[in-house]
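Since we're looking at a predicted model, the values are computed, not measured.
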Amino acid sequence: MRRSIILITLAVIAALASSGKDRLYIESFNIAAGQTLQVPILLLNDTAYSGLQTDLYLPEGLSLDMNDNDEYIIDLTSRLDKSHTVASRRLDDGAIRIYVTSVSTREFLGNSGAIMTLSITASSGFNGAAVIALRNSVCAEAIGTRHLLADEICEVNASMKFDVNGDGEINIADINVITDIILGGTVDELTRRRADVNGDGEINIADINTVTDAILSK
């Protein structure tokens with residue numbers, strides 16, 4: 001009897017291991033009231049995984065956008081091939097549970113970087129100093145072993161809309177940053193997100209025109 005209990009305990013541990021090094025997380029970012037940003041969820045992993053799930057907790061004033069089919073807008077990145085799919089649903093406690101699965105159990109590519117992007121919009125009254133949380137995160141290996149990942153929080157602060165360089169003003173300096181990115185310049189991820197001022201997922205002349213209009217209308 002004792003031997004059976006030990007074997008069962010070992011089986012449970014093997015099926016639900018704890019991973020201290022691997023992380024599923026969102027980096028801190030700024031967002032302006034009324035703005036929509038494409039926010040990446042990143043996976044840092046030593047272990048090769050083929051699937052995951054996590055519970056996304058958004059603070060008041062931030063919402064995960066939905067498409068015309070009333071599905072949350074969550075896009076998988078190039079770390080996953082076409083065999084992977086994403087699904088989501090709202091839980092009773094208000095969290096949004098996100099699943100990424102693969103029928104063929106194909107493993108995610110690489111060991112770091114964005115695994116998916118979320119389309120997040122700030123309400124017109126959003127004033128920042130908020131926290132996004134990822135909880136109950138579980139990643140699965142192709143052989144079936146699951147790994148519990150630590151809960152993660154991400155600080156979100158309000159910013160002035162169209163303030164690309166984050167200096168508290170909207171002027172030609174913001175246009176220069178966007179121009180530099182278009183021409184191949186390198187900036188940090190937060191600045192790159194702010195540079196997509198119209199929220200279409202791309203940085204181009206349309207963003208320059210949007211900032212120019214904001215400057216001329218002041």
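Judged by distance alone, with hydrogens and angles left aside, the side-chain atoms of D196 form a donor-acceptor pair with the main-chain N or O of D200 at under 3.5 Å. Within the 3.5 Å criterion, the main-chain N or O of R23 finds no donor-acceptor partner in the side chain of N45. No donor-acceptor distance shorter than 3.5 angstrom exists from the side chain of N204 to the backbone of I182, with no hydrogens or angles considered. The closest donor-acceptor contact from the side chain of N198 to the backbone of D207 lies at 3.5 Å or more, if one exists at all. Of the possible polar contacts, none joining the N165 side chain to the D174 backbone as a donor-acceptor pair under 3.5 Å is found. In terms of modelled atom types and a separation under 3.5 Å, the side chain of T77 and the main chain of A114 share a donor-acceptor contact. With R79 contributing its side chain and L43 its backbone, the two residues share a donor-acceptor pair below 3.5 Å.
Contacts classified as side chain to side chain donor-acceptor pair (under 3.5 Å) and involving residues 89-98 (residues at least two apart or in different chains) are given here: D55-R97, Y57-D93, Y72-R90, R89-Y99. A salt bridge (charged side-chain N to carboxylate O under 4.0 Å, His left out) check over residues 111-131, counting only residues at least two apart or in different chains, returns nothing. Annotation: ring-ring contact (aromatic ring centres under 6.0 Å, His included) contacts involving residues 103-123, sequence neighbours excluded, comprise H84-F108.
Atom-to-atom distance recorded for I115:CD1 and L76:CG is 8.0 Å, nearest 0.5 angstrom. If you take CZ on F162 and OG1 on T212, they are separated by 11.0 Å, rounding to the nearest 0.5 Å. Atom CG of L58 sits about 5.5 Å away from atom CD1 of I96, to the nearest 0.5 Å. Of the inter-residue distances, the one linking K82 atom NZ with R106 atom CZ reads 12.0 Å to the nearest 0.5 angstrom. For the atom pair CD1 (I205) and OG1 (T179), the distance works out to 7.0 Å, reported to the nearest 0.5 Å.
Taking each heavy atom of S50 and T105 in turn, the nearest pair found is CB-O, 3.6 Å. When every heavy atom of V138 is checked against every heavy atom of R146, the shortest pair comes out as CG1-CB, 3.8 Å. Scanning both residues, L56 and L118, for their nearest heavy atoms gives CD2-CD1, 3.8 Å. Closest approach of L149 and D22 over heavy atoms only: CG-O, 3.7 Å. Residue R194 comes nearest to V164 through the heavy atom pair NE-O, 2.8 Å, listed as atom of the first residue, atom of the second, then distance. Closest non-hydrogen pair, I132 versus L62, comes out as CD1-CD1, 4.1 Å.
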Step by step, would you call T101 with T85 a side-chain contact (heavy atoms from CB on, under 4.5 Å)? CA-CA 6 Å; T101 59; T85 58; 3.5 Å; yes
Can you check side-chain contact (heavy atoms from CB on, under 4.5 Å) on S78 and L80, steps first, answer last? CA-CA 5 Å; S78 58; L80 291 80; over 6 Å; no
I181 and I178: side-chain contact (heavy atoms from CB on, under 4.5 Å), yes or no, with the steps? CA-CA 5 Å; I181 294 173; I178 298 173; 5.7 Å; no
Would I215 and I170 count as a side-chain contact (heavy atoms from CB on, under 4.5 Å) here? Give the steps. CA-CA 6 Å; I215 293 172; I170 304 172; 3.9 Å; yes
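Evaluation of the side-chain contact (heavy atoms from CB on, under 4.5 Å) rule for S123 yields F126 as partners, not counting sequence neighbours. The side-chain hydrogen bond (donor to acceptor under 3.5 Å, both in side chains) test applied to D188 returns T191, not counting sequence neighbours.
Clustering ILVMFWY residues whenever any of their side-chain heavy atoms sit less than 4.5 angstrom apart, transitively, puts V39 in the very cluster that holds I98. A chain of hydrophobic side-chain contacts below 4.5 Å, direct or via other Ile, Leu, Val, Met, Phe, Trp or Tyr residues, connects I74 to L52. V187 and I208 fall within a single hydrophobic cluster, where Ile, Leu, Val, Met, Phe, Trp and Tyr are joined by side-chain heavy atoms under 4.5 Å apart, directly or via other members. Residues I153 and I41 fall into different hydrophobic clusters, defined by Ile, Leu, Val, Met, Phe, Trp and Tyr side chains chained together at heavy-atom separations under 4.5 Å. L42 and L148 end up in different hydrophobic clusters when Ile, Leu, Val, Met, Phe, Trp and Tyr side chains are linked at under 4.5 Å.
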Output side-chain donor-acceptor pairs under 3.5 Å for residues 24-36, partner residues at least two apart or in another chain, one line each.
unit_1: S28; atom_1: OG; unit_2: E155; atom_2: N; d: 3.4
unit_1: Q35; atom_1: OE1; unit_2: A32; atom_2: N; d: 2.9
unit_1: T36; atom_1: OG1; unit_2: T121; atom_2: OG1; d: 2.6

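Contact of the I73 side chain with the D75 side chain is registered, since non-hydrogen atoms from C-beta on lie closer than 4.5 Å. Residues S137 and Q53 fail the side-chain proximity criterion, which asks for heavy atoms closer than 4.5 Å. The side-chain heavy atoms of Y49 and E107, taken from C-beta on, include no pair separated by under 4.5 Å. By the 4.5 Å heavy-atom criterion applied to side chains, T47 and C139 are not counted as neighbours.
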